[in-house]
Chemist: 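Please see the structure below; I have some questions.
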Amino acid sequence: MATFVAFLRGMNLGQRRIPNDELCACFERMGFAGATAFMASGNVIFSADTADESALRETIERGLRTELDYEVPSFLRAVDEIERIADHAPFTERELGATQGRVQVGLLHAAPSAAARAAVLAHATADDRLAIDGRDLYWLPRAGISTSDLDLTAIGDDLGGIAVRTHRTIQRLRARVAGA
């Protein structure tokens, strides 16, 4: 069995609330093993009989649409990818020291094309630094993300969807899935 983390976009926002135990039960009903929620923001660790990420994502999105009666975009990463993301440091110590913001990771379905990559990186400013590594976008805002002028909607459109978590959340997830 392969272990994955599902990053679910738009969970526990506004009227869309689901307790972690109910979310994990949804994953179990979809046929996944060992579903465990991490934090209350739509991160689910689970095991599957297949490593076919496209099939897994389709099953998850269809299952959650049926269970919750709304769309839940899902972004998957295998354990080794979680480790790579947690270790990746696209910004220099100087860049990190010049900000009060936290590094954010935008999880994508696929690595962007050269044109999409260029379009997204064109959004970078001195206040919002961006880097792309494979199918992950790294964002270093100068201050909190709520005060940023970065247009995440446009970036998500350019990239075919995006789920954002802090780099620290990914690092904490790595500790949880280590040895999985």
Chemist: Membership question, hydrophobic clusters at under 4.5 Å side-chain separation (ILVMFWY): are M11 and F32 in the same one?
Modeler: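 Per the 4.5 Å side-chain linkage, F32 and M11 are co-clustered.
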
Chemist: Considering only NZ, NE, NH1 and NH2 on the basic side and carboxylate oxygens on the acidic side, decide whether D133 and R84 come within less than 4.0 Å.
Modeler: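 Judged by the 4.0 Å cut-off on N to carboxylate O distance, D133 and R84 do form a salt bridge.
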
Chemist: Could you pull out the closest heavy-atom pair between S74 and R57, with the gap in Å?
Modeler: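 That would be O-CD, 3.0 Å.
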
Chemist: Would V103 and L96 count as a side chain to side chain contact (heavy atoms under 4.5 Å, CB included) here? Give the steps.
Modeler: CA-CA 8 Å; V103 176; L96 293 169; 3.6 Å; yes

Chemist: Check E58 with R62, please: is the shortest side-chain N to carboxylate O separation under 4.0 Å?
Modeler: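 Salt bridge between R62 and E58, a charged N being under 4.0 Å from a carboxylate O: yes.
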
Chemist: Answer with yes or no whether the hydrophobic clustering places V177 together with I170; edges join I, L, V, M, F, W, Y residues whose side-chain heavy atoms lie under 4.5 Å apart.
Modeler: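 Looking at the clustering, I170 is in the same group as V177.
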
Chemist: Only pairs at least two apart or in different chains count here, so list each ring pair (Phe, Tyr, Trp, His ring centres under 6.0 Å) that has a residue in residues 86-116.
Modeler: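 Only F75-H109, H88-Y138 qualify under ring pair (Phe, Tyr, Trp, His ring centres under 6.0 Å).
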
Chemist: Should F27 and I18 be regarded as members of a common hydrophobic cluster, given that ILVMFWY residues are connected when their side-chain heavy atoms come within less than 4.5 Å of each other, either directly or indirectly?
Modeler: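 Same hydrophobic cluster.
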
Chemist: Flag the pair E83 and R176 as a salt bridge only when some basic side-chain nitrogen lies within less than 4.0 angstrom of an acidic carboxylate oxygen.
Modeler: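 No, no charged N to carboxylate O under 4.0 Å.
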
Chemist: So F46 and F4, would you call those rings parallel, tilted or perpendicular, with 30° and 60° as cut-offs?
Modeler: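 Parallel.
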
Chemist: Can you establish whether the number of heavy atoms outside D69 located under 6.0 Å from its atom CG is more than 12?
Modeler: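 Counting neighbours around CG of D69, 12 or fewer heavy atoms of other residues, nucleotides or ligands fall under 6.0 Å, so no.
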
Chemist: Spell out, yes or no, whether F38 and L8 are grouped together once hydrophobic residues are joined by side-chain heavy atoms under 4.5 Å, including indirect joins.
Modeler: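 Different clusters.
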
Chemist: If you group Ile, Leu, Val, Met, Phe, Trp and Tyr by side-chain heavy-atom gaps below 4.5 Å, do L107 and M39 land in one group?
Modeler: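 Yes; M39 is reachable from L107 via cluster members.
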
Chemist: Would you list the pairs meeting ring pair (Phe, Tyr, Trp, His ring centres under 6.0 Å) in which at least one residue belongs to residues 141-164, sequence neighbours left out?
Modeler: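 Matches after skipping sequence neighbours: none remain.
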
